[in-house]
Amino acid sequence: MFSRKGLALALCVAAIGMTPSLAFGVAPLCEGIEACALEWATLPEGAWFYQTAVSFDGVDALQSSPTADDELSGLVTDITGPVKVSFMAKTSTEEDGDYLVLLVDGEILGAVSGEQDWFPVEFDLPAGTFQVGIGYTKNETGSAGDDAVWVDNFAVSPTGGIVINNNAAATGSSDVTLGLNWANGTARVTRMRFSNDGATWSPWEPLAATKAWTLAPGDGYRTVRVQFLDIAGNASDRFFDYIKVDTTAPTGGIAINNGFWLTTSLDVTLNLNWDDGAGVGVSRMRFSNDGATWSAWEPVAPTKAWTLPGWGVPTVRVQFLDRVGNRSDRLSDYITAAE
């Protein structure tokens, strides 16, 4: 609904970026737009007033109706992003003469004039603190009181964030722990909900700093989304985090002395290979002569010097471990050891 046709008004409305002369954080003015959690100010004093005759929600609203020689009335507040800001607006003004304008740090985002019934205004603010202004500018034609604009239901959606398993890059299980944070917008945050696909959501539930969650089945990258809800019913954006799931054990092989069948020495060389497919990668290996007592886990390498337990036909076993703890089968090879 907002357009940029009022950009020529920039010089007169940029004054909203100045320090206002009167702050009001008490009822009923802030209640008119249902945003008393924010610090509001008017420019000039008394330009906006609380009224109940015209409203979007059937309760109340704020109205600005300057006299014919007024150039500007402003309603301003500071908002810290990143957040989504929204409100309802209505205008009854001279077409292309008097404008309701939206500004951020004195820069016009849009302007609207004429007879406009209630319409929604929504915009996103990036990270940082910004002065948001709703201004009414009027030319000198017409008489005092023949125009008016209204605003209602001003809301700043709650913000927040999510991390899976303390922001780990990968996991060996579909059962994870979500770490959550949130911040109030214009009302206290009270609920949260979750989704694996962005379409099907869990029921709204009370806030908690952590949440046990089961990812969508299967291996690969999995995303979890969270949304927060404040006491006034404003829903946040959908925040998300992703993690790689690898529940598949690696594979591999072992050959003693390059697979030769006979050795006359108990000191041999183990030749090793491993594969983790599309997983997170193999990181460790360990060895055993009897399948019960194992060497310590060590970094993978293509060869390993090893001492056989004795003469005869001894067997050497190897096991591989990937980066999320999946263990391979116990792989083995044997050789005839003769003096």
Side-chain angles (χ1 to χ4, degrees), residues 162-180 194-197 210-226 240-339:
I162 178 175
V163 294
I164 304 173
N165 283 359
N166 289 318
N167 212 26
T171 177
S173 172
S174 294
D175 295 322
V176 297
T177 299
L178 309 179
L180 305 158
F194 304 90
S195 176
N196 281 329
D197 59 10
T210 59
K211 167 74 175 178
W213 187 254
T214 300
L215 303 171
D219 284 6
Y221 285 99
R222 296 292 181 266
T223 299
V224 183
R225 301 154 183 86
V226 64
F240 68 91
D241 191 23
Y242 62 88
I243 194 169
K244 186 172 186 177
V245 180
D246 179 8
T247 60
T248 303
T251 59
I254 179 174
I256 304 173
N257 285 353
N258 284 317
F260 195 66
W261 67 277
L262 176 67
T263 179
T264 58
S265 172
L266 296 180
D267 294 323
V268 296
T269 297
L270 308 180
N271 305 103
L272 306 158
N273 64 85
W274 56 88
D275 183 21
D276 200 31
V280 295
V282 177
S283 61
R284 293 289 187 270
M285 61 185 182
R286 67 176 184 172
F287 303 91
S288 176
N289 282 324
D290 58 11
T293 302
W294 289 82
S295 64
W297 289 106
E298 61 186 85
V300 290
T303 60
K304 169 73 175 177
W306 189 253
T307 300
L308 300 174
W311 306 107
V313 187
T315 296
V316 182
R317 300 156 183 86
V318 65
Q319 194 173 33
F320 297 101
L321 184 74
D322 71 17
R323 289 184 172 86
V324 291
N326 296 310
R327 298 184 183 189
S328 71
D329 290 336
R330 299 178 179 188
L331 311 161
S332 63
D333 191 25
Y334 61 88
I335 193 169
T336 300
E339 294 183 89

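To the nearest 0.5 Å, atoms CG (N257) and OG1 (T269) are separated by 5.5 Å. Here L270 contributes atom CG and M285 contributes atom CE; the two are 8.5 Å apart, rounded to the nearest 0.5 Å. Rounding to the nearest 0.5 Å places CG of L178 at 8.0 Å from CG of N165.
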Would you give me the side-chain donor-acceptor pairs under 3.5 Å for residues 324-339, sequence neighbours excluded?
from : atom 1 : to   : atom 2 : distance (Å)
N326 : ND2    : D246 : O      : 2.7
N326 : ND2    : D322 : OD2    : 2.9
S328 : OG     : F320 : N      : 2.8
R330 : NH1    : G291 : O      : 2.9
D333 : OD2    : I256 : N      : 2.8

Donor-acceptor pairs are to be reported for all side-chain atoms of residues 271-279 against protein atoms at under 3.5 Å, with residues two or more places apart or in another chain.
from : atom 1 : to   : atom 2 : distance (Å)
N271 : OD1    : N258 : N      : 2.5
N271 : ND2    : N258 : OD1    : 3.2
N273 : OD1    : G253 : N      : 3.3
D275 : OD1    : G277 : N      : 3.0
D276 : OD2    : V280 : N      : 3.1
D276 : OD2    : G281 : N      : 2.8

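For T247, the side chain to side chain donor-acceptor pair (under 3.5 Å) partners at least two apart in sequence or on another chain are D219. Among residues two or more places apart in sequence or in another chain, the side-chain contact (heavy atoms from CB on, under 4.5 Å) test is passed with N167 by V163, D241. Not counting sequence neighbours, the partners of S195 by the side chain to side chain donor-acceptor pair (under 3.5 Å) test are D197. T210 pairs by the side-chain contact (heavy atoms from CB on, under 4.5 Å) definition with T177, not counting sequence neighbours. In this structure T223 satisfies the side chain to side chain donor-acceptor pair (under 3.5 Å) test with no other residue, sequence neighbours excluded. With sequence neighbours excluded, the residues forming a salt bridge (Lys or Arg N to Asp or Glu O under 4.0 Å) with K211 are E205, listed by chain and number.
Judged as a side chain to side chain donor-acceptor pair (under 3.5 Å), the pairs with a partner in residues 296-311 (not counting sequence neighbours) are, in order, D267-T307, N289-W306, E298-K304.
With ring centers used as reference points, W294 lies 6.0 Å or more from F287.
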The test is side chain to side chain contact (heavy atoms under 4.5 Å, CB included); show your working for Y221 and I243 and say whether it passes. CA-CA 6 Å; Y221 285 99; I243 194 169; over 6 Å; no
*asked:* Run S174 and V245 through side chain to side chain contact (heavy atoms under 4.5 Å, CB included) and show every step you take.
replied: CA-CA 7 Å; S174 294; V245 180; 4.2 Å; yes
Steps toward side chain to side chain contact (heavy atoms under 4.5 Å, CB included) verdict (L321, V282):
CA-CA 6 Å; L321 184 74; V282 177; 6.0 Å; no
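Of the possible donor and acceptor atoms, one in the side chain of R222 sits under 3.5 Å from a partner among the backbone N and O of P217.
The local environment of CZ in F240 is sparse, with at most 12 non-hydrogen atoms from other residues, nucleotides or ligands closer than 6.0 Å.
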